[in-house]
Chemist: 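Pasting in a structure now, in structure tokens, and then I'll have a few things to ask.
As the structure is a prediction and not an experimental result, all values here were calculated from the model.
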Amino acid sequence: MNELTIRQPDDWHIHLRDDEMLERVLPFTAAQFARGIIMPNLKPPVINAQMAAAYRDRILAALPEGMQFEPLMTAYLTDTTDPAELEAGFASGVLTAVKLYPANATTNSAAGVSSIEHIRGCLEVMQRIGMPLLIHGEVVDPSIDIFDREAVFLERTLGPMLNDYPELKVVLEHITTSNSVDFVMDRPRNLAATITAHHLQINRNHMLVGGIRPHYYCLPIVKRASHQQALRVAATSGDARFFLGTDTAPHPISGKHSACGCAGVFTAPCALESYVQVFDEHQALDKFEAFASLNGPAFYGLPVNTGTITLKRQAHKMIGDIGEGPEAIRPYRMGESIPWSIA
Ligand code: NCD
Ligand code: ZN
């Protein structure tokens, strides 16, 4: 098969940032995806429906003439989020989901949740109204090794939470381990997971052997090859609980090339081309539409997109830096020859 036409996909996990950065990165996402779940970790974070509505307007205002894209907004959960406000935001259609960052787990998460005890009221309401909870699943305990933080989160936090709220709709975001794959497979269907293109394509050797590659540094950190392999099998299996979420997370080069570099990989400019390459390598092109375009809407209870997109087995060279100097953004796979292209 040298050409593949699928329903237009959605990206179920995107960092679009704000202001000038938003204007620079949004066209790459809008060129590939019809809708996207927009992460709320701005400075300051988007913590309620009012802020989400204003952010949504800024995103739509930044969309270039002639391009279509529907931002699906999320609210950033804090220790003091008002459950009634979430309920009203969901009922009005402004909020699609709620994002749980354990406090200090990742970029701009200092205002996140310090203990599940603080958000029980929110979880009860969300369970009752069917509002999805999107989780950055890593513990922040300094005694836990960074490579184990996702697996420990499943045991310590997510397992008990799902036992307390068995009907809660949960997406475990950007999973990176076989532990998470197994955990999702063992639970009922109200738990799903997104998988990034870069976690399917790279492991910690790519990041660390022969020199440290800051553009492969993200959170949760890429793991050993056996975990990467488990993610590849899960994504290409056709199981409806796994779907596409790029976690495209742009940072200026000044933030990446630093003694204390920022976490995040800017994958938007070659996201679909990278995912389809993985499905091709697994002889699973027939499963790609489910992963990219069907499983996500089914989980969120949204209609499938009506448009289509065609991918061709035709190599193209990935673009270089976007912008110049320290404020430039370096895309994932810069300068590489990529075997698939969008027609
Ligand atoms: C994200 C960011 O930069 O906002 N970084 C990342 O490494 N993925 C935050 C996140 O999703 O953890
Ligand atoms: Zn993210």
Side-chain angles (χ1 to χ4, degrees), residues 9 11 13-46 54-71 73 106-109 174 196-199 201-202 206-207 211-219 221-222 244-275 277 309 315-338 340-342:
D11 185 346
H13 184 127
I14 314 180
H15 299 272
L16 285 179
R17 315 302 191 204
D18 216 342
D19 306 315
E20 203 225 333
M21 178 79 98
L22 166 63
E23 280 175 25
R24 282 199 284 166
V25 302
L26 177 60
F28 293 102
T29 288
Q32 304 204 337
F33 300 103
R35 296 171 290 198
I37 283 277
I38 310 303
M39 288 296 125
N41 63 331
L42 302 183
K43 286 180 202 169
V46 177
Y55 185 28
R56 184 176 191 279
D57 290 346
R58 296 199 296 281
I59 294 168
L60 292 173
L63 197 60
E65 186 95 12
M67 287 192 111
Q68 304 276 315
F69 178 70
E70 186 185 350
M73 306 310 292
T106 186
T107 310
N108 297 343
S109 62
H174 43 51
T196 77
H198 52 290
H199 285 99
Q201 291 195 306
I202 60 175
H206 297 96
M207 182 177 62
I212 185 161
R213 289 176 183 72
H215 295 280
Y216 287 162
Y217 173 64
C218 66
L219 289 171
I221 199 159
V222 289
L244 186 158
T246 62
D247 195 18
T248 178
H251 290 275
I253 282 186
S254 56
K256 297 292 292 177
H257 298 184
S258 154
C260 184
C262 303
V265 184
F266 178 47
T267 51
C270 61
L272 271 186
E273 298 92 326
S274 297
Y275 279 114
Q277 184 183 348
I309 194 164
H316 75 281
K317 189 167 178 237
M318 186 55 196
I319 55 170
D321 286 342
I322 294 148
E324 275 171 25
E327 291 313 300
I329 314 162
R330 182 155 299 178
Y332 177 57
R333 308 183 74 184
M334 180 175 85
E336 277 181 42
S337 174
I338 299 192
W340 283 79
S341 302
I342 293 177

Chemist: Apply side chain to side chain contact (heavy atoms under 4.5 Å, CB included) to the pair R58 and D18, showing each step before the final yes or no.
Modeler: CA-CA 8 Å; R58 296 199 296 281; D18 216 342; 2.8 Å; yes
Chemist: Is the shortest side-chain heavy-atom distance between K256 and I329 below 4.5 Å?
Modeler: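 Result no, sub-4.5 Å side-chain heavy-atom pair not found.
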Chemist: Quick check for you: to the nearest 0.5 Å, what is the distance between L63 atom CG and F69 atom CZ?
Modeler: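 It comes to 8.0 Å.
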Chemist: When rounded to the nearest 0.5 angstrom, what distance separates CG in L219 from SG in C262?
Modeler: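 Going from the CG atom of L219 to the SG atom of C262 covers 10.5 Å.
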Chemist: Specify the closest pair of heavy atoms between F28 and A268, including all atoms of both residues, with the distance to one decimal.
Modeler: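 Heavy-atom minimum between the residues: CB-CB, 3.9 Å.
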Chemist: Would you say the side-chain atoms of D247 and T196 include a donor-acceptor pair closer than 3.5 Å?
Modeler: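 Checked: D247/T196 side chains show no N/O donor-acceptor pair below 3.5 Å.
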Chemist: Looking at P269 and P331, what are the two nearest heavy atoms and their distance?
Modeler: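 That closest heavy-atom pairing would be CG-CB, 3.9 Å.
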Chemist: Residues two or more places apart in sequence or in another chain: which of them pass salt bridge (Lys or Arg N to Asp or Glu O under 4.0 Å) with D321?
Modeler: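 Checked D321 against salt bridge (Lys or Arg N to Asp or Glu O under 4.0 Å); matches are R330.
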Chemist: Just by distance, do the side chain of T248 and the backbone of T267 share a donor-acceptor pair under 3.5 Å?
Modeler: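 Yes.
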Chemist: So how far is it from W340 CH2 to L272 CG, rounded to the nearest 0.5 Å?
Modeler: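 Between W340 CH2 and L272 CG, I get 11.5 Å after rounding to 0.5 Å.
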Chemist: If we ignore hydrogens and angles and just use 3.5 Å, is the side chain of R17 paired with the main-chain N or O of P250 as donor and acceptor?
Modeler: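 Indeed, once roles are kept as given, a pair shorter than 3.5 Å links the two residues.
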Chemist: List the residues meeting salt bridge (Lys or Arg N to Asp or Glu O under 4.0 Å) with R333, not counting sequence neighbours, and say none if there are none.
Modeler: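 Expected list: E336.
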Chemist: Return the CZ to CG distance between R24 and L16, rounded to the nearest 0.5 Å.
Modeler: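 These two atoms lie 13.5 Å from each other.
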Chemist: Indicate the atoms forming the closest heavy-atom contact of Q32 with I309, along with that distance.
Modeler: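 Residues Q32 and I309, closest heavy atoms: O-CD1, 3.9 Å.
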Chemist: Do H251 and F266 have side-chain heavy atoms sitting under 4.5 Å apart?
Modeler: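 Answer no - side chains too far apart.
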Chemist: With a 6.0 Å cut-off on ring centres, are H174 and H199 close enough?
Modeler: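 They do not qualify: ring centres at least 6.0 Å apart.
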Chemist: For H316, which residues count as a ring-ring contact (aromatic ring centres under 6.0 Å, His included) partner, sequence neighbours excluded?
Modeler: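 Partners of H316 under the ring-ring contact (aromatic ring centres under 6.0 Å, His included) test: none.
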Chemist: Please give me the minimum heavy-atom distance between E327 and P252, naming the atom from each residue.
Modeler: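 Heavy-atom minimum between the residues: OE1-CB, 3.7 Å.
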Chemist: Is any side-chain heavy atom of N41 less than 4.5 Å from a side-chain heavy atom of H15?
Modeler: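 N41 reaches H15 side chain to side chain.
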Chemist: Roughly how far, to the nearest 0.5 Å, is NE2 of H13 from CD1 of I38?
Modeler: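 With rounding to 0.5 Å, CD1 (I38) is 10.0 Å from NE2 (H13).
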Chemist: State whether the side chain of T29 and the backbone N or O of L26 hold a donor-acceptor pair below 3.5 Å, judged by distance alone.
Modeler: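 Here the side-chain-to-backbone pair does not exist.
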Chemist: Any idea which heavy atoms bring Y217 and V265 closest together, and the distance?
Modeler: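 Nearest heavy atoms, Y217 then V265: O-CG2, 4.1 Å.
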Chemist: Quick one: does any side-chain atom of D19 pair with a main-chain N or O of M21 as donor and acceptor, under 3.5 Å?
Modeler: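 No: the side chain of D19 does not pair with the backbone of M21.
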Chemist: Compare all side-chain heavy atoms of M318 with those of E273 and state whether any distance is below 4.5 angstrom.
Modeler: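 Side-chain contact under 4.5 Å: no.
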Chemist: With a 4.5 Å limit on heavy-atom distance, are the side chains of Y275 and T246 in contact?
Modeler: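 Answer yes - side chains close enough.
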Chemist: Any sub-3.5 Å donor-acceptor pair from R213's side-chain atoms to H206's backbone N or O?
Modeler: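 Indeed, once roles are kept as given, a pair shorter than 3.5 Å links the two residues.
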Chemist: Show the numbers, then the answer: is there a side chain to side chain donor-acceptor pair (under 3.5 Å) between H198 and H215?
Modeler: CA-CA 11 Å; H198 52 290; H215 295 280; over 6 Å; no
Chemist: Just so I know, are the side chains of L22 and E20 near enough to count as touching, which here means a heavy-atom distance under 4.5 Å?
Modeler: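 No, every pair of side-chain atoms sits at 4.5 Å or beyond.
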Chemist: Does any part of the side chain of Y332, heavy atoms only, come nearer than 4.5 Å to the side chain of C270, both counted from C-beta?
Modeler: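 Of all side-chain heavy-atom pairs linking Y332 with C270, at least one is under 4.5 Å.
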Chemist: Say you draw a straight line from CD of Q68 to CG of L60; how long is it, rounded to the nearest 0.5 Å?
Modeler: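 Between atom CD of Q68 and atom CG of L60 there are 10.5 Å.
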Chemist: Under the side chain to side chain contact (heavy atoms under 4.5 Å, CB included) rule, what do F33 and L244 come out as? Steps first, then yes or no, please.
Modeler: CA-CA 11 Å; F33 300 103; L244 186 158; 3.7 Å; yes
Chemist: Hey, does I319 have a side-chain heavy atom less than 4.5 Å from the side chain of M334?
Modeler: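 They are not in side-chain contact.
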Chemist: Where do A315 and S337 come nearest, in terms of heavy atoms and distance?
Modeler: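 Scanning both residues, the minimum pair turns out to be CB-OG, 3.8 Å.
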